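Here is the structure we will look at, set down as C-alpha cells.
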Amino acid sequence: MPGGRLTQQERQQIALGLADGLAYAEIARRLDRPTSTITREVMRNGGPTAYRADLAHRATERRAHRRRQAVPRGQQVPAQAHGRDAEAVREYEETFTTLLMQQGLPKMMSRVLTCLFTADAGSLTASELVGHLQVSPASISKATTFLESQGLIRRERDERRRERYVVDDDVWYQSMIASARSHAQLAATARQGVRVLGPHTPAAIRLENIARFVDFVGESIIRAAEQAREILYTKTDATPGDSTAPGPAAPPIINPD
C-alpha cells in the first residue's frame, strides 16, 4: 500500500468517486489506499457533498506549512511521553477526530475532545489546547463551552488555580444513558401519533411498531450500560492483539438535541 500524502491526482479521483456515489471503501480500493485515509480526507475537507479536490489540496498544503512554522528550523519536536512516535500519534488523532465528526460532532469540538481523550492526565488547560491544536483561544472557548453543555467534559481548578478541561471515563456511560432517553422520547412521540391517527389504521400500526422497537432498544441500552459500567474503571495491562483484551470503545453518541 503506498504511503505518504495524497497527491492532487488522487484527490481528483476521490472527487470523481464521490460524484459517482462510490463508497469510501471502493474509492480506497481503486487508489490502493486504506479506507481510513479516504474517510479522513473527505471528512476534514467538507464531507461527501462538499468535497473539492483543488480546495482539499490547498488546505493540506496550508496545514503542512503551519506545522513547519510551529517548529522553528533547528528545533526538534518535543519528545512524546512513553517513547511514542509523534507522527503516529498525530495520525491517530486525525483518525479519531474524523470518527467523532462522523458521529455528528463539529470539527473543532471533535479535535478538542480527541486531545482530551489521548492526554494521559485526561485534562488540559485552554493554553495547552491552543498550543497543541494551533488555533485561537476563542476557538477553544467556543468548543469547550459546547462540549460542557453536552456533558462530554467538565471544568475544574488545579492547585495553581488554572481552569482545566476534564474528560471523565464516565462520559461513555452518560452518553449511553442520554441516548436511551432520546429513544424513550421518540417512542412517546410515536405513540402520540397512534392516538391522533386512530388505532388500527395502517399509519398508527406502523407508529406503534416503531415505538415498541425503540422501547426495546432503549431498555437494552440502559441494561447493558449498567452491567458494563465498571469496565470503564478497569485497569488492564493487555497489549494490542491480545484476544482477552476488551475491544476498542465506540465514541460517545452525540445527542443532537
Side-chain angles (χ1 to χ4, degrees), residues 17-27 35-36 38-40 42-51 95-114 116-117 142-155 167-232 246-257:
L18 292 172
D20 289 341
L22 299 180
Y24 294 152
E26 176 60 21
I27 297 173
T35 301
S36 60
I38 307 303
T39 303
R40 183 168 61 245
V42 174
M43 292 303 297
R44 76 187 305 186
N45 290 292
T49 59
Y51 182 83
T95 298
F96 203 95
T97 295
T98 300
L99 183 59
L100 292 175
M101 290 169 62
Q102 289 177 314
Q103 296 291 320
L105 201 61
K107 182 176 181 179
M108 182 53 63
M109 290 66 170
S110 297
R111 296 184 70 196
V112 169
L113 197 56
T114 294
L116 292 171
F117 278 139
K142 181 179 179 181
T144 52
T145 298
F146 174 85
L147 292 171
E148 187 177 22
S149 73
Q150 295 294 304
L152 296 173
I153 66 172
R154 61 180 173 82
R155 301 172 191 239
V167 59
D168 290 318
D169 292 333
D170 210 43
V171 68
W172 305 94
Y173 169 80
Q174 296 297 339
S175 69
M176 290 296 177
I177 297 301
S179 174
R181 292 195 185 107
S182 69
H183 280 80
Q185 184 178 9
L186 175 57
T189 303
R191 288 200 169 94
Q192 181 181 354
V194 172
R195 294 191 297 273
V196 172
L197 298 172
H200 311 302
T201 63
I205 292 171
R206 183 183 306 114
L207 288 173
E208 177 59 30
N209 288 339
I210 290 172
R212 291 172 58 202
F213 172 80
V214 170
D215 272 342
F216 180 83
V217 171
E219 291 168 3
S220 298
I221 288 175
I222 292 176
R223 185 163 54 251
E226 293 290 353
Q227 291 173 347
R229 190 176 188 179
E230 65 183 50
I231 294 175
L232 294 169
I253 298 173
I254 309 304
N255 186 355
D257 297 330

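Here the structure is a predicted model, which means the values were calculated and not measured.
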From [X] atom [atom1] to [Y] atom [atom2], the distance as rounded to the nearest 0.5 Å:
X: S110; Y: F96; atom1: OG; atom2: CZ; answer: 9.5 Å
X: M109; Y: M101; atom1: CE; atom2: CE; answer: 11.5 Å
X: T145; Y: K142; atom1: OG1; atom2: NZ; answer: 10.0 Å
X: L113; Y: M108; atom1: CG; atom2: CE; answer: 13.0 Å
X: T201; Y: L207; atom1: OG1; atom2: CG; answer: 8.0 Å
X: L116; Y: L152; atom1: CG; atom2: CG; answer: 10.5 Å

Answer yes or no: is there a side-chain heavy-atom contact under 4.5 Å between [X] and [Y]?
X: L99; Y: T114; result: no
X: T144; Y: R155; result: yes
X: R191; Y: D215; result: yes
X: L147; Y: Q150; result: no

T95 and R40 side chains, donor-acceptor separation under 3.5 Å: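 Present: a donor and an acceptor within the cut-off.
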message: Going by the rule side-chain contact (heavy atoms from CB on, under 4.5 Å), which residues pair with R181 if we only count those two or more places apart in sequence or in a different chain?
response: I177
query: In chain order, what residues pass the side-chain contact (heavy atoms from CB on, under 4.5 Å) check against L232, with sequence neighbours excluded?
result: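 With neighbours one apart ignored, the set is D169, D170, W172, Y173.
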Looking at every heavy atom in both [X] and [Y], which two are closest together, and how far apart are they?
X: A190; Y: A211; value: CB-CB, 4.0 Å
X: R229; Y: Q174; value: NH2-NE2, 4.0 Å
X: A143; Y: V112; value: CB-CG2, 3.8 Å
X: R111; Y: T97; value: CG-CG2, 3.7 Å
X: H183; Y: V214; value: O-CG1, 2.9 Å
X: V42; Y: P48; value: CG1-N, 3.5 Å

message: Tell me whether T98 contacts the main-chain N or O of M43 through its side chain, where contact means a donor paired with an acceptor under 3.5 Å.
response: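 No: the side chain of T98 does not pair with the backbone of M43.
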